[in-house]
Amino acid sequence: MTQRKILVTSALPYANGAIHLGHLVEYIQTDIWVRFQKQRGHECYYVCADDAHGTPIMLKADRDGITPEELIAEVGKSHFADFCDFGIAFDNYHSTHSDENKTLSSLVYTRLREAGHISSRTITQAFDPVKNMFLPDRFIKGECPKCGAKDQYGDGCEVCGANYSPTDLKNAVSAVSGATPIEKESEHYFFDLADFTEMLREWTSAGHLQSEVRNKLAEWLEGGLQQWDISRDAPYFGFEIPDAPNKYFYVWLDAPIGYMASFQNLCDKTDLKFDDFWAKNSDVELYHFIGKDIIYFHALFWPAMLSGADFRTPDAIFAHGFLTVNGEKMSKSRGTFITARTYLDHLNPEYLRYYFAAKLSNTIDDIDLNFDDFSHRVNSDLVGKVVNIASRCSGFIRKKFDNKLSETCVEPALFAEFIAVNGAIAECYEHREFGKAMREIMELADKANQYIDHKKPWAIAKEEGKDAELHDVCSVAINLFRILAAYLKPVLPILTTEAELFLNSPITTWIDELQPLVNHTLNDFKPLMTRVEADKIAAIIEASKETLLKA
RNA sequence: GGCGAUGUAGCUCAGUUGGUUAGAGCGUGGGAUUCAUAACCCCAAGGUCGGUGGUUCGACCCCACCCAUCGCCA
């Protein structure tokens, strides 16, 4: 197999709040994919960063009585800890508020400007006369001009679904100070996206996108691309625009460049070369995993920016759906707005990794975390099926054969059958059909349990002179278990590490290279995973409700 | 409001480029078993494939409209 060079990113989490289970769909999905590529022997790097700029962060720091820098340092630390504890193995985790990102953002901008893709004009915007700042739509509240609902945001009504501009709101007030906003003029800088209409028309239909995403973008392209407002006035927490005092890059300008910046930061710590990955002629594969809500930024603005600034464009954007809990949007009052940390306080992170894997596909469909289903699925598949194979046979090997496997594998056909599906399962992982991969793997687990049931080692053990047969059967089962562990390694790195310890043999390759362990000494078996306990789930929901009260 | 997507057994999901009896896992019921973390093995019951029309010899799969859910509207 030819070794591929791959650079992968997940979307940058915003540095104004904790990581929650919705975020984790994406990081777990990406991490599984990256671990799979690495296990196959490819050269694959996974970078990410905190998205640290913008008005919400500036205002939150203000409210908390700290500087934005202090806020993002604190939040960045907790994000990273959450990811680590869920087994997300970034090759680098950085911040968009970094020297690398400042340099690269300026570089991208000046290249776009030199190529004639930046223009400026004066626009009128809502302004808070007390706070002395321009107000983003989300920071203006008032009554919906259509249905009269109170307390609606400046961009749209959550009650009747109407869309409008903030100036349409009745009795509008600044959500920051409570003052009545006034209108004020300011010069803004724009990225002329329309210059890239042909480039994007081609790019979006060249196989870089899922079909649902492509459909959605076709609408945008047909409607005609507009200029993208990329500047914000001071006060703003971000990077000042070159040659434009008191003008700052809009957070969404420097956020995707944060992918490059994080990678640059990795290059500085290793002997990787930035240009090999980002130069126009790069042959490295580049993939961005994102949620379906930020498709526009990644499938329109981002390729256009890269292309206009003379960098390479992504090979694909992989969009996923949202997470619902028990069939509904996550809700703070129902206790289903669950942070990563609250989950970790009560449950094994690998339960969630497996459950998400079992439900993920390459579509943008939402996935549902149904807690009853979650418990049944994890208990049945992982504890009842997979781990059980080792559990039910290891006792015989230890007690009767001093933890040593038999000298030959007596079921080469069965072993080969387990190995033979590796191509199909690899295809599933490669195409992000993780749910399908899990189904295939569980089918093998069923087969292994059926084999044991058919051979009945507990009955053989009671017969005189049949020790060799008992030894052979149990050794086969342990070898089948090892194959299953290898298949599950991208999803369950912690469980697999413990399985490797039990097997006294690391799994370092893809399944096609596995040979049966023969005449090989195991370590004592310890329970590799315990069942999901119902009271822990109740505790998580309770704790999530408490978080709300504190907030 | 416009647009994109989703809606299949109690639950979570497969699937069909339109063609005789619609699949899996879990849950449930029954049986078997005791090696294993009340795990495993065998069998069974369960669905008018969101609704209404249409195209077709024939639609769960195509078309139109409607309803519900999710997302986007720079």
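Per chain, numbering begins at 1; letters A, B, ... match sequence-line order. Just so you know, these numbers come straight off a predicted model, no measurement behind them. Atoms considered below: every heavy atom in the structure, side chains included; atoms not considered: hydrogens, waters and symmetry mates.
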Consider the side chain of [X], meaning its heavy atoms from C-beta on, and name the nucleotide among [options] that approaches it most closely.
X	options	value
A:Asp293	B:rU12, B:rU37, B:rC72	B:rC72
A:Asp368	B:rC13, B:rA5, B:rG2	B:rC13
A:Trp220	B:rC42, B:rG2, B:rC73	B:rC73
A:Ile364	B:rU12, B:rA5, B:rC70	B:rA5
A:Asp373	B:rG25, B:rA74, B:rC70	B:rG25
A:Phe322	B:rC41, B:rU37, B:rC70	B:rC70
A:Asp366	B:rC35, B:rG25, B:rC70	B:rC70
A:Ile452	B:rG2, B:rC11, B:rC35	B:rC35
A:Arg439	B:rU12, B:rG4, B:rA14	B:rA14
A:Ser380	B:rC70, B:rA5, B:rC26	B:rC26

Quick one: is [N] close enough that its OP1 or OP2 comes under 4.0 Å of any side-chain N or O from [X]?
X	N	result
A:Lys456	B:rC40	no
A:Gln210	B:rA5	no
A:Asn379	B:rA39	no
A:Lys359	B:rU12	no
A:Arg531	B:rA39	yes

Check the distance between [N]'s [atom2] and [X]'s [atom1] and give it to me in whole angstrom.
X	N	atom1	atom2	value
A:Ile367	B:rA14	CD1	P	11 Å
A:Trp252	B:rC72	CH2	P	11 Å
A:Asp381	B:rA24	CG	P	16 Å
A:Asp365	B:rG71	CG	C1'	12 Å
A:Leu323	B:rU12	CG	C1'	13 Å
A:Ile478	B:rA36	CD1	P	13 Å

Between [X] and [Y], is there a donor-acceptor pair closer than 3.5 Å when you use the side chain of the first and the backbone of the second?
X	Y	answer
A:Glu26	A:Ser10	no
A:Asn479	A:Ser475	yes
A:Asn504	A:Thr521	yes

Are the ring centres of [X] and [Y] closer than 6.0 Å?
X	Y	value
A:His20	A:Phe337	yes
A:Tyr259	A:His298	yes
A:Tyr355	A:Phe374	yes

With a 3.5 Å limit on both atom pairs, tell me what [N] is paired to, counting Watson-Crick and G-U wobble, or say none.
N	value
B:rC35	none
B:rC62	B:rG54
B:rU17	none
B:rG47	none
B:rG1	B:rC73
B:rC26	B:rG10

Just confirming the chi classification of B:rG46, syn or anti, using 90° around 0 as the syn window.
syn
Taking only the C1' atom of each, what is the distance from B:rU55 to B:rG18 in whole angstrom?
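Each nucleotide's C1' atom is 12 Å from the other's.
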Assess the residue pair A:Phe196 and A:Trp203 against the criterion (ring-ring contact (aromatic ring centres under 6.0 Å, His included)); give the C-alpha distance rounded to whole Å, side-chain angles, the decisive distance to 0.1 Å, and a yes or no.
CA-CA 10 Å; A:Phe196 298 87; A:Trp203 190 82; over 10 Å; no
